Protein chains: 2
Amino acid sequence: MGRWQPDARARLQEAALALYGERGYEATTVAEIAERAGLTKRTFFRYFTDKREVLFWGSELLEQQMVAAIEAAPASASALGMIGAALDAAAVRFEEVREFAGPRHRIITSSPELQERELIKAASLAAAMARALRARRFGDTAAVLAAHTGTTVMHVAFEQWVEDPNQTAFQQIARDALAQLREIASTG
Amino acid sequence: MGRWQPDARARLQEAALALYGERGYEATTVAEIAERAGLTKRTFFRYFTDKREVLFWGSELLEQQMVAAIEAAPASASALGMIGAALDAAAVRFEEVREFAGPRHRIITSSPELQERELIKAASLAAAMARALRARRFGDTAAVLAAHTGTTVMHVAFEQWVEDPNQTAFQQIARDALAQLREIASTG
DNA sequence: ACAAGTGATGTCACCTGGTGCCATCACCAT
DNA sequence: ATGGTGATGGCACCAGGTGACATCACTTGT
């Protein structure tokens, strides 16, 4: 056994998720989170750049996997086809963390500050996918539009998925949403 | 003449825009902004809820005008057609403030904190447009997707517009972008 | 004309998020 | 033993943000 309790980061995440859920995000203090994890405020800020970031650890991984899906898509695929592949990749990740998705989503929804952070993560994801699409030889505007469309579809699908009593697979919900988008874009 | 200098809000906005531009957003203190406007930190926070909001005054107006455009669109229009009408309305507003658009945009681009705020304003706008589309009898998912697509197109067009040496009209750039979206959504 | 009221501002104390700097302390390599 | 090394604690400090109260010029009712 090491000289400190292991997994300080994970302990901080758990403590934060619990306290944010119990008292609300704003009513929770960083000092309280740290104390619950057996650490100090100062140490909290060594693991997370701010009070919000503790809820968004792992978003780079999702980004990487979705980008990888675009890079691996067949050359014959359209821009939105590649976005579909990226959404399939996201589905895998989401199903892995389904257990925490609900509480985490409710916390984020309850705080504008946290929604802002979620939005900028989505924007970062969109930018990464846009770069990947450009690398697949799509035009600049087309790449950006398709990428942002992808995150929009992802969010719409996510909200349906996280509140779905039937536990429908994310992949299916996302595919339906993407199909609906194609429909409204081509109609009229 | 009143007992206080008039237009406190406008003075604070000007001071903030100037200081953010000169020293950068993070290096500027609310107390400095207030001092430059001949006021106090406390008064700044009576006009703006936080240090970021001073750059986003008037976003509700844009929202209202775009929503109004959707409400006024012909019943025969498609969802994206109504979004197009909303973008035309946005174009009017943007041309009015073209003078400040460039500096303001550069400041926002330079700070993640400000980008977060801009993103949540866009999300609010999208939600408002989605409500308007639902009122026009579009389905839930279609309304949300079309609305978010609209803000995406708006942002893509805005970036091209604000940096365009030819001063092309926003309306034209936005219409082109929307047409491109329709293309990528229908191809493949 | 005088008193009471009103509304924008100032003042002050305070809390919390966030950071820089240095101390500590267990373990590890030589 | 001796000297790193790396995660942590402690402390001082700044800035954003808020609540409570004071001020002060002008307005309104009588």
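Numbered from 1 within each chain, the chains take letters A, B, ... in sequence-line order. Everything quoted here is computed from the prediction, not taken from an experiment.
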Visitor: Do the side-chain N or O atoms of B:Thr40 get closer than 4.0 angstrom to the phosphate oxygens (OP1, OP2) of C:dT9?
Guide: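 Negative; the distance criterion is not met.
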
Visitor: Rounded to the Å, how far apart are A:Phe45 CZ and D:dA7 P?
Guide: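 It is 19 Å, rounded to the nearest whole Å.
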
Visitor: Using whole Å, what does the distance between atom P of nucleotide D:dG16 and atom NZ of B:Lys41 come to?
Guide: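 Atom NZ in B:Lys41 sits about 7 Å away from atom P in D:dG16.
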
Visitor: Does A:Arg9 have a side-chain nitrogen or oxygen under 4.0 Å from the phosphate oxygens OP1 or OP2 of D:dA7?
Guide: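 Looking at the OP1 and OP2 atoms of D:dA7, neither is under 4.0 Å from any side-chain N or O of A:Arg9.
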
Visitor: Which residues pass the ring-ring contact (aromatic ring centres under 6.0 Å, His included) test with B:Phe170, sequence neighbours left out?
Guide: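 Per chain and number, B:Phe170 pairs via ring-ring contact (aromatic ring centres under 6.0 Å, His included) with B:Phe94, B:Trp161.
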
Visitor: Roughly how many Å is it from CZ in A:Phe48 to C1' in C:dT19, rounded to a whole number?
Guide: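 Rounded to the whole Å, the gap is 18 Å.
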
Visitor: Nearest-Å distance, CD (A:Glu26) to P (D:dT18)?
Guide: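 Value for this atom pair: 10 Å.
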
Visitor: Could you check whether B:Ala31 gets within reach of a base, just the sugar-phosphate, or nothing at all, counting any heavy atom under 4.0 Å?
Guide: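 No contact.
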
Visitor: For the base of C:dG18, is there a side-chain donor-acceptor partner from A:Arg42 under 3.5 Å away?
Guide: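 Absent.
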
Visitor: Output the rounded distance in Å from CG (A:Leu19) to P (C:dT16).
Guide: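 It is 14 Å, rounded to the nearest whole Å.
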
Visitor: For the atom pair CD1 (A:Ile33) and CZ (A:Arg11), what is the distance rounded to the nearest 0.5 Å?
Guide: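 One gets 13.5 Å once the value is rounded to the nearest 0.5 Å.
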
Visitor: Examine C:dT9: is either OP1 or OP2 under 4.0 Å from a nitrogen or oxygen in the side chain of B:Thr43? Give yes or no.
Guide: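 Answer is no, no contact under 4.0 Å.
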
Visitor: Separation of B:Leu39 atom CG from C:dG7 atom P, in whole Å?
Guide: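 Going from CG in B:Leu39 over to P in C:dG7 covers 19 Å.
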
Visitor: Over how many whole Å does the gap from B:Asp50 atom CG to D:dT18 atom C1' extend?
Guide: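 Interatomic distance, CG of B:Asp50 to C1' of D:dT18: 13 Å.
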
Visitor: Just compare D:dC11, C:dG17, D:dG17 and give me whichever is closest to any side-chain atom of A:Val30.
Guide: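 My answer, after comparing the listed nucleotides, is C:dG17.
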
Visitor: Please name the pair of heavy atoms, one in A:Arg136 and one in A:Glu71, separated by the smallest distance, quoted to 0.1 Å.
Guide: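 Shortest heavy-atom separation between A:Arg136 and A:Glu71 comes out as NH1-O, 3.2 Å.
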
Visitor: Please pick, from C:dT9, C:dT11, D:dG16, the nucleotide with the shortest atom-to-atom distance to any side-chain atom of B:Thr29.
Guide: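 Comparing C:dT9, C:dT11, D:dG16 against the side chain of B:Thr29, the answer is D:dG16.
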
Visitor: Is any NZ, NE, NH1 or NH2 atom of the basic residue among A:Glu116 and A:Lys121 found under 4.0 Å from an Asp or Glu carboxylate oxygen of the other?
Guide: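 Answer for the salt bridge query: no.
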
Visitor: Rounding to an integer number of Å, can you tell me how far A:Glu53 CD sits from C:dG17 C1'?
Guide: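 That distance rounds to 15 Å.
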
Visitor: Check every strand shown and say whether A:Tyr47 touches a base, only sugar-phosphate, or nothing at a heavy-atom separation below 4.0 Å.
Guide: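 Sugar-phosphate contact only - A:Tyr47 comes under 4.0 Å of backbone atoms but never of a base.
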
Visitor: What I want to check is whether an N or O donor and acceptor connect the side chain of B:Lys51 with the base of D:dG17 at under 3.5 Å.
Guide: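 Such a pair does not exist between side chain and base.
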
Visitor: Have A:Ser124 and A:Glu63 got a donor and an acceptor in their side chains that come within less than 3.5 Å?
Guide: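 The criterion, which ignores hydrogens and geometry beyond distance, is satisfied for A:Glu63 and A:Ser124.
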
Visitor: Between the base of D:dG17 and the side chain of B:Arg46, is one N or O donor paired with an acceptor at under 3.5 angstrom?
Guide: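 Donor-acceptor pair under 3.5 Å: no.
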
